[in-house]
Amino acid sequence: MTHGNDTGNKQLMEKYLGLAQPDDGIMCEYIWIDGTGEGIRSKCRTVYEEPKKPTDCPIWNFDGSSTYQAEGSNSDMYLYPCAIFSDPFRGGKNKLVLCEVFKYNKKPAETNRRKSCNEVMERAKATVPWFGIEQEYTLLDYDGHPFGWPKNGFPGPQGPYYCGVGANKVYGRDIVEAHYRACLYAGVQIAGCNAEVMPAQWEFQVGPCEGIKMGDHLWIARYILHRVAEDFGIVVTLDPKPMEGDWNGAGAHCNYSTEAMRNDGGVKEIEKAIEKLSKHHVRHIKAYDPREGKDNERRLTGHHETSSIHDFSAGVANRGSSIRIPRQVAEDGKGYLEDRRPSSNCDPYAVTEVLVRTTVLDE
């Protein structure tokens, strides 16, 4: 099925991708976060030897007036390469290059959350913070309707879809499989995937990642997801409540631990961290979606496996609380906590930074 903007003929494309690529012509796709704090942009340039680390890639620039990041009269923004991955779309020595955005005056762009996150992670390095994020998302047809849903109605109520199997239970598995393989190829620390509670909703997990790597790997995994879906003519939305009504929303649950939490008796450290988190609920809610809580308001209702946005709560194995201590962690007396508040469209740099600020740096 092809759409107006879909050239559709992938076999024709193979002819060109089969052309030999010279050793001194390597394509680097520079990737950055735009002024919305959730949109991803990218553009490509040739470099003449294979970059092995981000600093091997030149600093570049772009027109910030077209990405909600600058005025037209002074629109140059700078891309500082900060992480590098193998390119699963072009293969060979080609790279995906994740970048931080800086303004003309060398100050970070408003939506460059990576810089301060990295500073916080450096200060907390001795505690060895690990993160794992469960990224939920929804597949949409080109008309904005959830993929596979009947065009003039709704699928049957939730129940059979979570981790479902069968053509009447899951929609869009090809995209999920292609994304998983592409992430592994790229070098993303993808940990798993599953079908979610709402039909056409899926989840993949990234982690465990130490410190700044969490944000780097999740943003690249999101970029790859959008690109894979583009190949299939399907749209991915990270909206936290894509369908109003009796349907689950989408989150990005963040699993978090320090070395002390993972060691014997670590549950005491987990409890201390939860106590600190309980005092900063509003600050965390503001950091957990790009609109300082407005997006999450639609999702965190106290229904559909969420806690209310207005209340802080914690419990063992409780999916209706802000912070869940997994049953296994309670039994082992060590492990990690799960913060269920971040929305699916959160910035992982903002989420991981505030978790460390609150629980490690006591700020």
Side-chain angles (χ1 to χ4, degrees), residues 30-33 37 40 51-60 77-85 95-103 105-133 135 186-191 206-223 252 254-263 266 269-270 272-274 276-277 279-280 283-284 286-288 290 335-339 341-342 346-363:
Y30 279 53
I31 296 163
W32 71 97
I33 299 155
I40 303 174
K52 302 286 192 224
K53 54 188 189 300
T55 47
D56 294 342
C57 302
I59 290 170
W60 203 13
M77 307 288 282
Y78 291 92
L79 294 170
Y80 284 54
C82 58
I84 195 165
F85 296 82
K95 304 294 181 210
L96 302 179
V97 182
L98 183 66
C99 300
E100 282 191 41
V101 178
F102 285 83
K103 297 191 276 200
N105 57 9
K106 302 292 188 278
K107 286 190 163 58
E110 281 68 19
T111 48
N112 176 355
R113 309 263 184 230
R114 188 184 189 276
K115 186 175 184 293
S116 64
C117 179
N118 203 19
E119 288 159 4
V120 163
M121 294 307 168
E122 282 303 313
R123 286 164 57 203
K125 214 177 176 63
T127 63
V128 198
W130 286 7
F131 305 93
I133 289 183
Q135 176 68 67
V188 169
Q189 270 173 262
I190 187 167
V206 173
C209 294
E210 186 181 332
I212 197 69
K213 266 189 160 172
M214 182 68 249
D216 292 350
H217 283 242
L218 189 64
W219 275 112
I220 288 292
R222 285 174 173 179
Y223 172 81
C254 183
N255 301 284
Y256 163 60
S257 66
T258 58
E259 193 166 40
M261 294 179 196
R262 297 187 292 273
N263 289 343
E269 292 296 321
I270 293 172
K272 275 189 219 164
I274 291 172
K276 290 175 184 178
L277 289 168
K279 296 185 168 73
H280 292 284
R283 169 164 86 163
H284 281 254
K286 279 191 157 170
Y288 284 0
Y336 64 95
L337 60 85
E338 178 194 36
D339 193 333
R341 295 171 294 175
C346 70
D347 186 335
Y349 297 127
V351 171
T352 55
E353 177 184 333
V354 76
L355 277 167
V356 170
R357 277 192 193 276
T358 297
T359 61
V360 175
L361 303 179
D362 296 323
E363 290 178 3

Which heavy-atom pair separates [X] from [Y] by the least distance, and what is that distance?
X: Ile212; Y: Met121; value: N-CG, 3.7 Å
X: Ser116; Y: Glu353; value: OG-OE1, 2.8 Å
X: Ala350; Y: Ala287; value: CB-O, 3.7 Å
X: Pro54; Y: Pro81; value: O-CB, 3.4 Å
X: Ala124; Y: Pro129; value: O-CD, 3.7 Å
X: Phe131; Y: Cys254; value: CD2-SG, 4.0 Å

Point-to-point distance, once rounded to the nearest 0.5 Å, from [atom1] of [X] to [atom2] of [Y]:
X: Tyr256; Y: Asp339; atom1: OH; atom2: CG; answer: 11.0 Å
X: Met214; Y: Trp130; atom1: CE; atom2: CH2; answer: 13.5 Å
X: Tyr349; Y: Thr111; atom1: OH; atom2: OG1; answer: 11.5 Å
X: Leu98; Y: Trp32; atom1: CG; atom2: CH2; answer: 11.5 Å
X: Ile133; Y: Arg222; atom1: CD1; atom2: CZ; answer: 7.5 Å
X: Arg357; Y: Thr352; atom1: CZ; atom2: OG1; answer: 11.0 Å

*Evaluate the side chain to side chain contact (heavy atoms under 4.5 Å, CB included) criterion for residues Ile33 and Ile40: first the C-alpha distance (whole Å), next the side-chain angles of each, then the deciding distance (0.1 Å), finally the verdict.*
CA-CA 5 Å; Ile33 299 155; Ile40 303 174; 5.5 Å; no
Are [X] and [Y] side-chain neighbours, meaning at least one heavy-atom pair lies under 4.5 Å?
X: Leu96; Y: Ile31; result: yes
X: Leu277; Y: Leu355; result: yes
X: Val206; Y: Gln135; result: no
X: Leu337; Y: Asn255; result: no
X: Pro108; Y: Phe102; result: yes
X: Tyr288; Y: Val351; result: yes

Aromatic rings His284 and His280: how do their planes relate, parallel, tilted or perpendicular, breaks at 30° and 60°?
tilted
query: For the residue pair Trp60 and Tyr30, does the interplanar ring angle fall in the parallel (under 30°), tilted (30 to 60°) or perpendicular (over 60°) class?
result: perpendicular
Salt bridge or not for [X] and [Y], using N-O below 4.0 Å?
X: Lys103; Y: Glu110; answer: yes
X: Glu119; Y: Lys115; answer: yes
X: Lys125; Y: Glu122; answer: yes
X: Asp216; Y: Lys213; answer: no

Look at the side chain of [X] and the backbone N and O of [Y], then say whether any donor-acceptor pair between them is shorter than 3.5 Å.
X: Glu269; Y: Met261; result: no
X: Asn112; Y: Glu100; result: no
X: Arg262; Y: Ser257; result: yes
X: Glu210; Y: Val128; result: no
X: Lys276; Y: Thr359; result: yes

### Message
Let's go through Trp219 and Asp347 carefully: what are the C-alpha distance in whole Å and the side-chain angles of both, what is the deciding distance for side-chain hydrogen bond (donor to acceptor under 3.5 Å, both in side chains) to 0.1 Å, and is it a yes or a no?
### Response
CA-CA 8 Å; Trp219 275 112; Asp347 186 335; 3.2 Å; yes
For Arg283, the salt bridge (charged side-chain N to carboxylate O under 4.0 Å, His left out) test, sequence neighbours excluded, returns none
_Can you confirm whether Lys107 is buried at NZ, in the sense that more than 12 heavy atoms of other residues, nucleotides or ligands lie under 6.0 Å from that atom?_
no
